[in-house]
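First the proteins, then the strands, lettered A, B, ... as listed; each starts at 1.
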There are 2 protein chains.
Amino acid sequence: MLSTRHLPSLASIRAFEAAARHCSFAKAARELDTTAASVSYHVRCLEQETGVRLFLRFAQRVELTESGAAVAREATAAFDALRASFLHAAAAEETRLSLTTLPSLGTSWLTPKLGRFRAKHASIALEIELSADAQDLVGGRFDAAIRNGYGNWPGLRTHALFPSVFMPLCAPALRETAKALDDPQRTLEVPLLGRPDWWALWYRAHGRMPLPPASHFGPLLSAEYLDIAAAVAGQGIAIGSPILFRSEIDAGRLVPAHALVVGTGRTFWFTYPAARAQSRKIGAFRDWLEDEAARDREAARPFLRKIKIVEPQS
Amino acid sequence: MLSTRHLPSLASIRAFEAAARHCSFAKAARELDTTAASVSYHVRCLEQETGVRLFLRFAQRVELTESGAAVAREATAAFDALRASFLHAAAAEETRLSLTTLPSLGTSWLTPKLGRFRAKHASIALEIELSADAQDLVGGRFDAAIRNGYGNWPGLRTHALFPSVFMPLCAPALRETAKALDDPQRTLEVPLLGRPDWWALWYRAHGRMPLPPASHFGPLLSAEYLDIAAAVAGQGIAIGSPILFRSEIDAGRLVPAHALVVGTGRTFWFTYPAARAQSRKIGAFRDWLEDEAARDREAARPFLRKIKIVEPQS
DNA sequence: CGACAGGCTAAGTCAAACTTATGCTCAGCA
DNA sequence: TGCTGAGCATAAGTTTGACTTAGCCTGTCG
């Protein structure tokens, strides 16, 4: 009859449980949006499989047996507990958002704004992991990511935040020294900080100055925001995003060392698996993030007004 | 997402619960005797429907999330409780047998034997309801019945116990008076007790005596065993079954008032719904009952050796 | 008495459940 | 290092338990 782990058809148990609550097959059918014949069939199968009389039948009604009532109590409790656990898990799921993002964006741009997100969405705890490499969004480890790229990632939904651009930035004290970026007669007296490939692209876009030799470059640091920190300290001219480091500019710790802003067509995106489109927390974070990005794009308008796009050499 | 009473697909929950226990879709599939693809599909559907990440996926394994683990605990507990309630109900069902039977058979024949049934099957509690009318066996109120008839009841399984026959029985003191049943010269000095239709059939089978007028019949009592009680008290000659009332004969309280035993082809049957054929308690009771009936048929062999069958007039 | 509600059953239908085939990523081993 | 096997994923196709429909029966009520 009933083996060790075997359980009767759960569909039958579901039909029985509803019939027991209503003491009526017709009412159970209405609740389950099915027919009384289906309920009758399932209860009969259950009785046959288990050998337990669950209902006494009368012409126009049914009556639970003692055994039937006992099983029904357990069934109702079991389904209620199951339901509650899903509701609880879904609610808990909506209170934690795990985000993977690039180190400079996370450190310099996002983190300073989190107070505003927390104020707006007190119930959502944000967990941010910084990584220079794009993390997998399918395995379930992360809910969403902020990435730099062209936004053509299969299976992911993408929302553009702001363009990925760069320009020379330096401490105000180096404003005079920085004029050498535009003057072939002047010698560059401080090192160039940041990604050499960006500097190469910048000089290419500039078009009227040769790329300085490698000896003019500072040490290669592991993230953009470290180059910027060195520039703030007056150690050279860094190449970086006027959006990501806007707070430094606004505070007067950095100034544009040259007016030319270069881009490669890349953008910063907020992205998540398409299957997660219904997630309320992802939606809330996305909406807030888009507002923040729009605000920063607006504030950076003088820099973004005239971006010179260059093709990266592959 | 999840409405008030709605529960996700129970098949999906079942697959998830097994996968959670094993932390492996492949192992769950083996337990459920299905494929890993099926388990994977169900878990995915469940995650999609509930919005809850239940597992983190790695190339060759899966890992429960916190939420997944919580839901799994509830699911395992729910299924275990359900299973236990069915096992318990099935066990309880096997300890109670409700039988409907005819009054005389129940009172005079079956009840005196119940000690032997109880001794043999201590765990089965017998509940007997006496009724002159055949009770419904389909509604679930009764497990089985002992009926008198031809045994052709649709949907029921039948086991013959002993033939339904009748003969004149009286107290020993009326043995001389009873000779009038065979002697046209003698006047019947005591009333005839019991069913007038049986007396009519008996005289028809006799063939050498006219049926006495209605004035020779005693009052119409509601059950055969009451007629017999009156006969034991010497109030007349009763017509009844030498099997049902064998104990009175053995004790010398009654003697056959005439040797002729008449039957109409009817039998006493033990019967139950065919769908209940697997019931252990019904099987146990049937086996015991058949033994008792066989024993009584053997003891009544002198009476049953030569039964005169007459057709009832319809 | 007729209408209706609510059970039952058998035959037929259908959609969720399941299978098969293929692909991908590791881990372990020679 | 290359090969094998295990264990996930997905899409297309198949199957079967779940469900529907039609008809019947029994009460209840107006």
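- Ring-plane geometry between A/His159 and A/Phe270 is classed as tilted, the angle between the planes lying from 30 to 60 degrees on a 0 to 90 degree scale.
- For A/Ala26, whose side chain is taken as the heavy atoms from C-beta onward, the closest listed nucleotide among C/dG7, C/dT9, C/dC18 is C/dG7.
- DNA chain C is contacted by both B/Ala37 and A/Ala36; A/Ala36 maps to the nucleotide lying nearer its 5′ end (nearest heavy atom per residue).
- Across all strands, A/Thr34 comes closer than 4.0 Å only to sugar-phosphate atoms, never to a base (heavy-atom distances).
- At distances below 3.5 Å, at least one donor-acceptor pair connects side-chain atoms of B/Glu94 with backbone N or O atoms of B/Lys281.
- B/Asp143 has no carboxylate O lying under 4.0 Å from a charged side-chain N of B/Arg96, or vice versa, which leaves the two without a salt bridge.
- Comparing D/dA18, C/dT19, D/dT10 by their nearest atom to the side chain of B/Ser40 picks out D/dT10.
- Using cut-offs of 30° and 60° for the angle between ring planes, the A/Trp153 and A/Trp269 rings count as perpendicular.
- Here the side chain of A/Arg57 is nearest to one of D/dA18, C/dC18, C/dG7, namely C/dG7.
- When distances are taken from the side chain of B/Arg30 to each of D/dC8, D/dC19, D/dG7, the shortest belongs to D/dG7.
- For the pair A/Arg44 CZ and C/dT9 P, the computed distance is 5 Å after rounding to whole Å.
- Nearest to the side-chain atoms of B/Phe25 among the listed nucleotides D/dA9, D/dG27, C/dA17 stands D/dA9.
- Taking the nucleotide of DNA chain D with the nearest heavy atom to each of B/Lys27 and A/Tyr41, the more 5' of the two is matched to B/Lys27.
- Side-chain N/O atoms of B/Gln60 and base N/O atoms of C/dA27 include no donor-acceptor pair closer than 3.5 Å.
- As judged by a 4.0 angstrom heavy-atom cut-off over every strand, B/Ser9 is placed among residues touching the sugar-phosphate backbone only.
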